[in-house]
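Sequence lines set the chain letters: A, B, ... in the order given, protein chains first and strands last, and positions in each chain run from 1.
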Amino acid sequence: MRISELLIKWYSISKRDLPWRNTNDPYKIWLSEVMLQQTRVEQGMPYYHKFIEHYPTISDLANATEQEVLTLWQGLGYYSRARNMHSTAQYISNNLGSQFPQKFNEILELKGVGAYTAAAISSFAFNLPYPVIDGNVQRVVSRLFCIEDPINKPIGQKKIREAVDQIFDKRNPAKFNQAIMELGSLVCTPKNPTCDSCPLSIKCPALLNGKVKALPKKEGKTKVKEISHTYFVFKVEDKTYIQQRKEGIWKNMYQFPLLELDVKPETILDHVMEFIETSETPMIQHSYQTKHLLSHRKINANFYTISLHRKPIFLKSNIFEIELNELSKKYPTSVLTQKFLKSCRIDD
DNA sequence: AAACCGGGGAT
DNA sequence: ATCCCAGGTTT
């Protein structure tokens with residue numbers, strides 16, 4: 001039996017019942033694929049349900065504000081995905097009559113849609129013959145063809161593409177794509193793959209040659225930069241003061257006034273005037289220290305809570321007042337900020 | 001080609 | 001501590 005037949009047969013009896021597999025709605029497929037970029041299925045699932053409930057159609061997403069969309073995306077990470085989806089929904093709504101594009105090249109043009117996502121939408125929503133290549137497929141194929149070139153380099157990626165083209169089933173693009181990803185996810189895993197129960201084991205040279213564990217190969221690791229964040233949490237009764245990030249990490253999300261440097265505790269109060277002007281002599285109520293790890297950053301964060309009896313006389317231009325409990329609910333924040341908010345609730 | 005962009009789970 | 005996850009964009 002051909003590899004594609006073995007795959008699809010295995011898939012038909014072993015597949016998980018995932019919500020986006022029970023629809024042909026390109027909007028739902030698009031949403032699920034973007035949400036699952038670099039994100040585990042279990043992690044994305046609750047967000048998928050939330051979004052479908054809040055925004056059942058492209059028009060509903062287009063009619064929302066970016067702030068609402070980011071609030072709903074809060075905690076999932078890679079927030080450019082949410083900004084791009086919202087922007088693209090408005091584009092489709094305003095310029096394409098709310099009709100999702102139906103050709104691969106048109107889909108590939110959409111913001112936040114690359115080769116993988118375009119192939120996924122094309123095959124799952126329209127059954128077009130484009131093979132998907134994601135982390136799962138790279139792993140399965142590198143083992144199935146004993147590709148020793150690093151899969152994160154152009155040579156390795158080219159060989160993966162050529163290998164996939166050899167086994168791709170143009171007659172069953174949707175099923176083939178689902179099946180090969182599902183195999184990578186459930187059987188041909190990065191660590192401790194269960195080759196015993198793999199439908200392709202008899203056709204796997206990596207298994208025959210004892211190379212499963214060594215494949216796929218990867219080269220070069222992005223190093224993690226260590227940086228410092230010093231946050232100023234001004235409190236006046238139930239009010240606080242926040243700012244919106246304009247670029248870079250957590251763009252368009254909200255945070256307590258921030259200095260992106262390490263400020264010695266003794267000199268914290270010297271910086272207050274950079275954010276607000278007050279007639280009082282401010283005092284540090286308490287401080288909270290934590291480390292926050294991202295894929296490319298290690299943030300040493302310090303939050304200093306400064307309680308005031310009266311509202312500041314003056315706020316720096318980008319800072320504005322909100323109800324403390326509106327943060328995270330109405331103003332989307334990073335998980336780092338949420339960690340701080342949670343620590344406050346505990347020592348209440 | 002390399003850096004940037006989040007967060008969490010498994011090992 | 002390290003790797004990886006239904007990747008994409010920018011430099």
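- Between B:dC4 and A:Tyr78, no contact under 4.0 Å exists linking OP1 or OP2 to a side-chain N or O.
- Between A:Tyr116 atom OH and C:dA6 atom P the separation is 9 Å, expressed in whole Å.
- Nearest to the side-chain atoms of A:His292 among the listed nucleotides C:dA6, B:dG7, B:dA3 stands B:dG7.
- Taking only side-chain atoms of A:Arg297, from C-beta outward, the nucleotide of B:dC4, B:dG6, C:dA6 with the closest atom is B:dC4.
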Return the polar atom pairs (N/O with N/O) between nucleotides 9-11 of chain C and the protein under 3.5 Å, or none.
unit_1	atom_1	unit_2	atom_2	d
C:dT9	OP1	A:Gly112	N	2.9

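- Taking the six-membered ring where the residue is Trp, A:Phe232 and A:Phe275 present tilted rings, their angle falling between 30° and 60°.
- For the pair A:Arg139 and C:dC5, the criterion of a side-chain N or O lying under 4.0 Å from OP1 or OP2 is met.
- Note on A:Thr39: a base of the nucleic acid sits closer than 4.0 angstrom, heavy atoms only.
- Closest to the side chain of A:Pro190, out of B:dG6, B:dT11, C:dC4, is C:dC4.
- Side-chain N/O atoms of A:Ser295 and base N/O atoms of B:dG6 include a donor-acceptor pair closer than 3.5 Å.
- The separation of C:dT11 from B:dG6, taken at their P atoms, amounts to 15 Å, rounded to a whole angstrom.
- Contacts between residues 167-188 of chain A and DNA chain C, counted as heavy-atom distances below 4.0 Å, involve A:Gln178, A:Met181.
- Using a 4.0 Å heavy-atom distance criterion, A:Gly44 is classed as making no nucleic acid contact.
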